Amino acid sequence: MRALHRAAQLLGVASVSGEGGMETERCGCFFTLATMGRRKWETMENIAVLGAGSWGTALALVLADNGHRVRLWSHRAEQVREINERRTNEKYLPAARLPESVVGYDDLCAALDGLSIAVLAVPTKAIRTVLNQARPCLTAPITVVAVSKGIEPGTHKRVSEMVMEELGEWLEDVVVLSGPSHAEEVVLRHPTTVAVSSPDMEAARRIQDLFMNHHYFRVYTNPDLIGVEVGGALKNIIALAAGISDGLGYGDNAKAALITRGLAEIARLGCALGANPLTFAGLTGVGDLIVTCTSVHSRNWRAGHMLGQGKKLDEVLESMGMVVEGVRTTKAAYELAKELGVKMPITEALYDVLFAGQDPKEAVDSLMARGKKEEMDDLNTIFAAQES
Ligand SMILES: NC(=O)C1=CN([C@@H]2O[C@H](COP(=O)(O)OP(=O)(O)OC[C@H]3O[C@@H](n4cnc5c(N)ncnc54)[C@H](OP(=O)(O)O)[C@@H]3O)[C@@H](O)[C@H]2O)C=CC1
Ligand SMILES: O=C(CO)COP(=O)(O)O
């Protein structure tokens with residue numbers, strides 16, 4: 001049966017009936033072209049977006065603007081009613097007005113039925129749960145566009161690795177989309193740039209075509225999957241620290257120091273994991289670090305700001321009502337750095353604040369009190385390791 005569905009996919013037929021007869025419904029207005037073993041997508045695709053939070057909703061709009069039909073899945077029936085009846089998502093993205101081509105679904109299997117592409121836009125900690133629920137719905141392997149930014153504590157897995165583990169043979173391709181991109185600005189169609197990466201760069205280029213919008217959403221490719229994912233995940237740690245610094249009343253000097261030295265430690269860990277150092281100078285490195293450390297849209301910055309003002313972590317997370325990925329990623333990066341023997345002083349200081357009750361002001365004092373250092377030591381070590 002799976003082989004039949006795969007064959008149907010290659011021929012561009014959306015679904016195949018259980019009795020071996022083919023339903024004639026096609027998943028777009030142009031026929032899919034069958035290529036030698038690889039499906040070429042239609043000009044207009046049906047795409048599932050799993051997770052109707054800020055980012056899932058904003059990306060659904062980009063896809064709709066590009067002429068695609070989107071099934072926006074939420075596990076909350078009342079939110080799906082709001083999407084379909086009022087064309088809004090007030091809690092997560094109040095500025096969004098959703099076109100008819102974005103349809104809300106509260107049934108995951110119905111949202112995935114007959115589709116070959118799903119954008120996975122739930123918080124990192126929900127990825128395994130959602131993919132576990134999705135797997136039995138699949139009748140053919142699927143391409144997953146992973147847009148969450150985080151690293152899993154304990155396993156230290158990146159998002160693409162979790163997707164591969166959970167979907168196994170049901171995964172056609174995994175493509176990561178990351179970069180400086182606050183949903184609140186994307187929905188206003190303000191110019192935004194992101195990068196896509198994948199173990200299969202041909203798949204990344206297909207996803208680049210799907211999302212590229214020449215008016216406001218520019219998508220680059222970058223073959224360095226590890227660097228793209230590590231940069232996107234770890235910038236949230238530094239954004240929390242930048243928020244704390246602002247909350248303590250420190251100024252632009254302190255923030256510039258956090259961004260620059262934060263980038264150095266992100267690059268150190270990333271390179272120890274096999275990333276290309278140059279990726280950290282790009283959109284998913286310094287680009288995302290700048291936007292997240294300096295924007296009031298950032299949930300990580302906002303959470304840090306409240307911590308710097310003296311609020312407790314539980315109270316901060318409770319009041320946010322949206323995901324603050326940097327908290328779990330701090331734990332994961334702290335563990336990974338210890339395991340790999342990589343120095344990450346800002347991450348360690350933040351870990352102490354978040355998980356060991358350290359006073360934020362004292363954490364800053366300890367960072368400043370460290371011994372002398374040569375600024376470019378990190379880069380020299382990284383480049384020396386690359387050459388050897
Ligand atoms: N917002 C942004 O600008 C950007 C976000 N990202 C990344 O995208 C990912 C998602 O973020 P974002 O959309 O902002 O997060 P939000 O907090 O805005 O929304 C998360 C959504 O996921 C849902 N969700 C949470 N847990 C589950 C679960 N177990 N099963 C099903 N649905 C669940 C939430 O539902 P509920 O209402 O029940 O909580 C909510 O709809 C994060 O990794 C983030 O770092 C990346 C780039 C930009
Ligand atoms: O990743 C983001 C922007 O690129 C969103 O950051 P926050 O999760 O901190 O809002």
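In this text the structure is predicted, and so the values were computed from the model without any measurement. Counting starts at 1 for both ligands and their atoms, following the listed order.
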Check each atom of ligand 2 against the heavy atoms of [X] and keep those under 4.0 Å away; list them by number with element.
{"X": "Gly179", "answer": "4 (O)"}
{"X": "His297", "answer": "10 (O)"}
{"X": "Pro180", "answer": "4 (O)"}
{"X": "Asp288", "answer": "3 (C), 4 (O)"}
{"X": "Ser298", "answer": "7 (P), 9 (O), 10 (O)"}
{"X": "Thr292", "answer": "6 (O), 9 (O)"}

For Ser54, is the nearest heavy atom under 4.0 Å from an atom of ligand 2?
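The answer is no, since Ser54 has no heavy atom less than 4.0 Å from ligand 2.
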Touching ligand 2 at all, Ser181? Heavy atoms, strictly under 4.0 Å?
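Yes; Ser181 lies near enough to ligand 2 that a heavy-atom distance drops under 4.0 Å.
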Which atoms from ligand 1 have a heavy atom of [X] less than 4.0 Å away?
{"X": "Trp73", "answer": "31 (C)"}
{"X": "Val130", "answer": "30 (N), 31 (C)"}
{"X": "His182", "answer": "3 (O)"}
{"X": "Ala126", "answer": "26 (N), 27 (C), 28 (C), 29 (N)"}
{"X": "Ala52", "answer": "41 (O)"}
{"X": "Ala121", "answer": "10 (C)"}
{"X": "Glu325", "answer": "42 (C), 43 (O), 45 (O)"}

Ligand 1 and [X], any nitrogen or oxygen pair closer than 3.5 angstrom?
{"X": "Lys91", "answer": "no"}
{"X": "His75", "answer": "yes"}
{"X": "Gly51", "answer": "no"}
{"X": "Ser54", "answer": "yes"}
{"X": "Gln79", "answer": "no"}

Salt-bridge criterion met for [X] and [Y] (N-O under 4.0 Å):
{"X": "Glu82", "Y": "Lys91", "answer": "no"}
{"X": "Arg205", "Y": "Glu202", "answer": "yes"}
{"X": "Lys312", "Y": "Glu315", "answer": "no"}
{"X": "Arg261", "Y": "Glu265", "answer": "no"}

Measuring from His297:NE2 to Ser181:OG, what's the distance to the nearest 0.5 Å?
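So the gap between those two atoms works out to 12.0 Å.
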If you round to the nearest 0.5 Å, how far is CZ of Arg97 from OG1 of Thr88?
6.0 Å
Any side-chain donor near an acceptor of the partner, Asn300 and Thr292, under 3.5 Å:
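No, no side-chain donor-acceptor contact under 3.5 Å.
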Could you check whether any heavy atom of Ser181 sits closer than 4.0 Å to an atom of ligand 1, since that is the contact criterion I want to use?
yes
Heavy-atom pairs closer than 4.0 Å: do any link ligand 2 to the side chain of Asn300, the backbone, both, or neither?
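Asn300 to ligand 2: contacts from backbone and side chain alike.
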With backbone taken as N, CA, C and O and side chain as the heavy atoms from C-beta onward, which portion of Lys125 lies under 4.0 Å from ligand 1: side chain, backbone, both, or neither?
neither
Which one holds for Tyr92 and ligand 1: side chain close, backbone close, both close, or neither close, with close meaning a heavy atom under 4.0 Å?
side chain
What class does the angle between the rings of Trp55 and Phe217 fall in, given that below 30° is parallel, 30 to 60° is tilted and above 60° is perpendicular?
tilted
Are [X] and [Y] side-chain neighbours, meaning at least one heavy-atom pair lies under 4.5 Å?
{"X": "Lys235", "Y": "Val291", "result": "no"}
{"X": "Val159", "Y": "Val176", "result": "no"}
{"X": "Glu184", "Y": "Ser295", "result": "no"}
{"X": "Val196", "Y": "Val145", "result": "no"}
{"X": "Val122", "Y": "Leu120", "result": "yes"}

Should one rank Arg299, Glu185, Glu78 by closest heavy-atom distance to atom 2 (C) of ligand 1, which comes out on top?
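The option holding the nearest heavy atom is Arg299.
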Among Lys149, Arg299, Glu184, Lys235, whose heavy atom sits nearest atom 6 (O) of ligand 2?
Lys235
Could you tell me whether a side-chain N or O of Arg87 sits under 3.5 Å from a main-chain N or O of Val102, the two making a donor and an acceptor?
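A pair under 3.5 Å: yes.
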Please step through side-chain contact (heavy atoms from CB on, under 4.5 Å) for the pair His156 and Glu339, ending with a clear verdict.
CA-CA 10 Å; His156 310 150; Glu339 188 183 305; 3.3 Å; yes
